[in-house]
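Reminder, nothing fancy here: chain letters follow the sequence lines and each chain counts from 1. Not measured: the values here are computed from a predicted model.
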Amino acid sequence: MATSKPSIPKGTRDFGPVQSAKRSYIIDTIRKSFIKYGFSQIETPAMEQLSVLTGKYGDEGDQLLFKILNSGDYLKKTSEQDYQAGSGALLPKIAEKGLRYDLTVPFARFVVQNQNDITFPFKRFQIQPVWRADRPQKGRYREFYQCDADIVGSDSLWNEAELTLMLHEVYANLQYDGFVLKINHRELLMEMARFIGLAGKEMPFCVTIDKLDKIGEEKVNEELIALGADETKLQDVVGLFHSTASASDKVDAFEKLIGKNRGTEEVQQYFEFLSAHSSTPLKVELDLSLARGLSYYTGIIFEVKATDVKIGSITGGGRYDNLTGVFGLKGISGVGISFGLDRIYDVLEEKGLFPDHLTKSVDLLIAHLDEDCFKHGLSLLQKLRSSGIQVEIYPDQAKLKKQFNYADKKAIPHVLVIGTEEIEKQQYGVKNMVSGEQASYTIEQLIQLLS
RNA sequence: GUGGUUGUAGCUCAGCUGGUUAGAGCGCCUGAUUGUGGUUCAGGAGGUCGUCGGUUCGAACCCGAUCUUCCACCCCA
């Protein structure tokens, strides 16, 4: 067989020992908070039936789905006419499965299938990779992890508030405070669109104002007027976007201009919950121009942005009514958030926020001078391990220089050297690799030292 | 999916309008130190210049295709 240079698919990555340790640190931190707040873990398959996935993410989303070619003779069910009819007609005959695009839709499927075993409200978390056939960029990959926490079967706005508190705890534990949590409400967006005369064109309105910080106010105004917006009313709405007032004042201003509705009431209630329950200051901001994930969110929407790293949003979420409706289970409302592990990684890396101890492997390396010393080392190894000390022995006969070098590269803080003299005296030279100091210990003293 | 961009040693990058034998720093290996890493010194290994094809007397350099990287659009974690 001809040799070829190995490679991995576009937008995917290998993770070495250091990267994996850092990723585990983030995952463990997030999971700790998920569990503390009462969420239970589930896992679902990497692949789903294509019928479960398609149509849930809009036309754009369907294009970004990875499809899995049927096994065996995948052309068996096709005919010449299917081929002539194009890829859209051919696809369902050659592919029945696809890789999951997010964790929310598989979760909805899970809830419907297991509805009799689930106690509602159901709080689940899920930390698994998802796949999108997007064109990769920095912070945008074709395989990436989502860390989702959702509460389904409860309409209470306390859930939104609790997710907000949990999110703050996660970032506090990661020692990152350069973020801001922006929230908005689907209903407020709809009302604003109707107010400026864009009834029936709510979606284009949202897509446009979402680009506010990207293309600027002037262009946004131009586009909205082109859509048919009333210019003077548009100015009033733009005034709301500009407001630096407190969330509650912003809602008041909104109600004065456009009127009360479900959105204003829910946002007001959400902020009341927060102020009643938080001792530390929260980084929550009502941003009336925030418009995201509108293909399924129906209430409050969330987005966490890194303010000091150019990477886009690092956490997103919102309230969706009738999540499970498409799978035949009505009346189940939910709210959830999704942490973007890979982007959080990039942020922590850029800000130098990973703790140093992540790369440390064991506390002690046993080095030895010859075969007999190695064998003696094995007995020490066992004693030390049974005392709970993290220790390894250099497996080959090698110069001490090489063994010390190994300890240095692996950032092992202590090296114990065994020679014939040490075996006789039952006293071992132990070098502290950080200070460079060396002293002699019995095995019991050493256990004391390292415990 | 549309338009652009990148690829040279393990890593970060030089390499003139196409010209002989493609370089540097760091890292790696060996020795100075036959019982001691991280510092210092001396030596050494390592490249079909992303891949395939074309133009040319001659290609890392020009052209085409393809893969990859990054960027903008779209969308999103």
Using the C1' atoms only, state how far B:C73 lies from B:A59, rounded to an integer number of Å.
36 Å
Pairing residues for A:Y394 by the ring-ring contact (aromatic ring centres under 6.0 Å, His included) criterion, not counting sequence neighbours
A:Y406
Holding to side-chain contact (heavy atoms from CB on, under 4.5 Å), I want the full list of residues that pass it with A:S33, two or more places apart in sequence or in another chain.
A:M166, A:E169, A:V170, A:N173
Of A:P9 and A:K211, whose closest RNA chain B nucleotide lies nearer the 5' terminus?
A:P9
Under 3.5 Å, N/O pairs linking protein and nucleotides 3-11 of chain B:
unit_1, atom_1, unit_2, atom_2, d
B:G3, O6, A:R135, NH1, 3.0

In B/S/- notation (B base, S sugar-phosphate only, - none; protein heavy atoms under 4.0 Å), nucleotides 33-40 of chain B written 5' to 3' is --BBBB--
For atom CD1 of A:I209 and atom P of B:C75, their distance in whole Å
13 Å
By nearest atom, which of the nucleotides B:C74, B:U69, B:G31 is closest to the A:K399 side chain?
B:G31
Could you state the CZ-P distance from A:F144 to B:C75, rounded to the nearest angstrom?
16 Å
Across all chains, not counting sequence neighbours, the side-chain contact (heavy atoms from CB on, under 4.5 Å) partners of A:Q19 are A:F15, A:Y345
Pairs under 3.5 Å (Watson-Crick or G-U), crossing ones as [ ], inter-strand ones as |: RNA chain B comes out as ((((..(..((((.....[...)))).(((((.......))))).....(((((..]....))))))..))))....
By salt bridge (Lys or Arg N to Asp or Glu O under 4.0 Å), which residues pair with A:E191, not counting sequence neighbours?
A:R194
Hey, could you give me each pair passing ring-ring contact (aromatic ring centres under 6.0 Å, His included) that has a residue in residues 185-226 of chain A? Not counting sequence neighbours.
none
side-chain contact (heavy atoms from CB on, under 4.5 Å) involving A:Q63 - partner list, sequence neighbours excluded
none
C1' gap between B:A14 and B:C26, integer Å:
15 Å
In chain order, what residues pass the salt bridge (Lys or Arg N to Asp or Glu O under 4.0 Å) check against A:R319, with sequence neighbours excluded?
A:E160
Base, sugar-phosphate, or nothing: which does A:Y141 touch, judged by heavy atoms less than 4.0 Å apart?
base
Side-chain donor/acceptor of A:R132 to base of B:C76, under 3.5 Å
no
With rounding to the closest Å, how many angstrom separate the C1' atoms on B:U17 and B:G50?
26 Å
For a 4.5 angstrom cut-off between non-hydrogen side-chain atoms, does A:I344 reach A:Y145?
no
When all nucleic acid strands are considered with a 4.0 Å heavy-atom cut-off, which category describes A:Q137: base, sugar-phosphate, or nothing?
base
Please check if the side chain of A:Q403 supplies one atom and the backbone of A:A398 the other of a donor-acceptor pair under 3.5 Å.
yes
So the ring-ring contact (aromatic ring centres under 6.0 Å, His included) pairs with at least one residue in residues 422-451 of chain A (sequence neighbours excluded) are A:H376-A:Y428
Could you pick out which residue, A:G11 or A:E303, lies toward the 5' side of RNA chain B when each is mapped onto its nearest nucleotide?
A:G11
ring-ring contact (aromatic ring centres under 6.0 Å, His included): which pairs involve residues 153-180 of chain A, sequence neighbours left out?
A:W158-A:F273, A:W158-A:H277, A:H168-A:F179, A:Y171-A:F179, A:Y171-A:F339
